[in-house]
Student: 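Before anything else, here's the structure in question.
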Amino acid sequence: CFLCGGNGASASELTADNPQVPCNWYDNTDGKPNYDIPASGTYDITVDLNNHTLRVAPSMPEVNALYVVGDQDGNDGWESTPGRKVGNRFIFEGVRINGGCQFLINDWWNWSQRLVANPYNGAEVTLSPGVASAFTYITESFKPEGGSEPNFVLADGTYTIYVDMDART
């Protein structure tokens, strides 16, 4: 993957003298900014020139079904409940959650693609009724060794949960 300046600048124009592109993004071999992508696929690439970061994340597939998984019976096991799709939203009505939960995409027990509270090794997020919280799409192919998946956390209770795929909340 090769990154070039957004103003049409060629790679040779991206230097430490150009304040729009941090020079620490260059490798030590050819002076060009090169980035390794883990595998073939479709990715969302976010470049933050202010913070000197590059984030590569897999693009989320079309979501035809969504399942909330978590302790739904109070016995510390993780059960799965399908959501009802309405447009590009999923609604989970009358679901009991006791602690952490995540959302499985397109398959009721396939943990390879999920919606979670933050990227791998991020903080869990305690949800408050009526307050939207962003989700993060993760795949097992991006999981760092020993990485953890942050849950959404709810106090023991019965909830109606809305997941808006357009707003990513």
Student: How about Asn64 and Glu62: do any of their side-chain heavy atoms sit closer than 4.5 Å?
Tutor: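 The answer is yes, as the side chains (C-beta and beyond) meet within the 4.5 Å cut-off.
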
Student: Does any non-hydrogen side-chain atom of Ile161 lie less than 4.5 Å from one of Leu154?
Tutor: yes

Student: Output yes when a side-chain donor or acceptor of Asn106 lies under 3.5 Å from a complementary backbone atom of Ala65, and no otherwise.
Tutor: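 Yes; judged by distance alone, with no hydrogens or angles, the pair exists.
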
Student: How long is the span from the CH2 atom in Trp78 to the CG atom in Asn151, to the nearest 0.5 Å?
Tutor: 4.0 Å

Student: When you group the ILVMFWY residues by side-chain heavy-atom contacts below 4.5 Å and let the links chain together, are Ile91 and Val95 in the same group?
Tutor: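 No, separate clusters.
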
Student: Would you indicate whether the side-chain heavy atoms of Asn88 and Asp164 approach each other to under 4.5 Å?
Tutor: no

Student: Which atom pair, heavy atoms only, marks the closest approach of Pro150 to Ala123?
Tutor: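 In terms of heavy atoms, the two residues are closest at CB-O, 3.3 Å.
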
Student: How many angstroms lie between atom CD1 of Ile105 and atom CZ of Arg114, to the nearest 0.5 angstrom?
Tutor: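 Answer for the CD1-CZ pair, Ile105 versus Arg114, is 10.0 Å.
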
Student: Taking the hydrophobic residues Ile, Leu, Val, Met, Phe, Trp and Tyr, and joining any pair whose side-chain heavy atoms are under 4.5 Å apart, which ones share a cluster with Val153?
Tutor: none

Student: What distance separates Thr136 OG1 from Gln102 CD, expressed to the nearest 0.5 Å?
Tutor: 11.0 Å

Student: Give me the atom names and distance for the closest heavy-atom approach of Val163 to Leu66.
Tutor: CG1-CD2, 3.7 Å

Student: Can you find a pair of side-chain heavy atoms, one from Pro61 and one from Tyr137, that are under 4.5 Å apart?
Tutor: yes

Student: Heavy atoms only: give me the nearest Gly100-Ile97 pair and the separation to one decimal.
Tutor: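 Shortest heavy-atom separation between Gly100 and Ile97 comes out as O-CG2, 4.5 Å.
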
Student: Heavy atoms only: give me the nearest Phe92-Pro82 pair and the separation to one decimal.
Tutor: CE2-C, 3.6 Å

Student: Between atom OG of Ser133 and atom CG of Asn118, what is the distance when rounded to the nearest 0.5 Å?
Tutor: 8.0 Å

Student: Quick one: do Val86 and Phe90 end up in the same hydrophobic cluster if we chain Ile, Leu, Val, Met, Phe, Trp and Tyr together by side-chain heavy atoms under 4.5 Å apart?
Tutor: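 Val86 and Phe90: separate clusters.
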
Student: Is the Phe103 ring parallel, tilted or perpendicular to the Phe152 ring (thresholds 30°, 60°)?
Tutor: perpendicular

Student: After noting the C-alpha distance and the side-chain angles of Asp71 and Glu79, does the key distance pass the side chain to side chain contact (heavy atoms under 4.5 Å, CB included) rule?
Tutor: CA-CA 6 Å; Asp71 181 4; Glu79 294 79 32; 4.1 Å; yes

Student: Taking the side chain as every heavy atom from C-beta outward, state whether Leu115 and Met165 have any atom pair closer than 4.5 Å.
Tutor: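 Heavy-atom side-chain distance check passes, below 4.5 Å.
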
Student: Given a cutoff of under 4.5 Å between side-chain heavy atoms of I, L, V, M, F, W and Y, with clusters grown through shared members, what are the other residues clustered with Val131?
Tutor: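 Other cluster members: none.
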
Student: According to the side chain to side chain donor-acceptor pair (under 3.5 Å) rule, which pairs have a member within residues 153-163, sequence neighbours left out?
Tutor: Arg96-Asp156

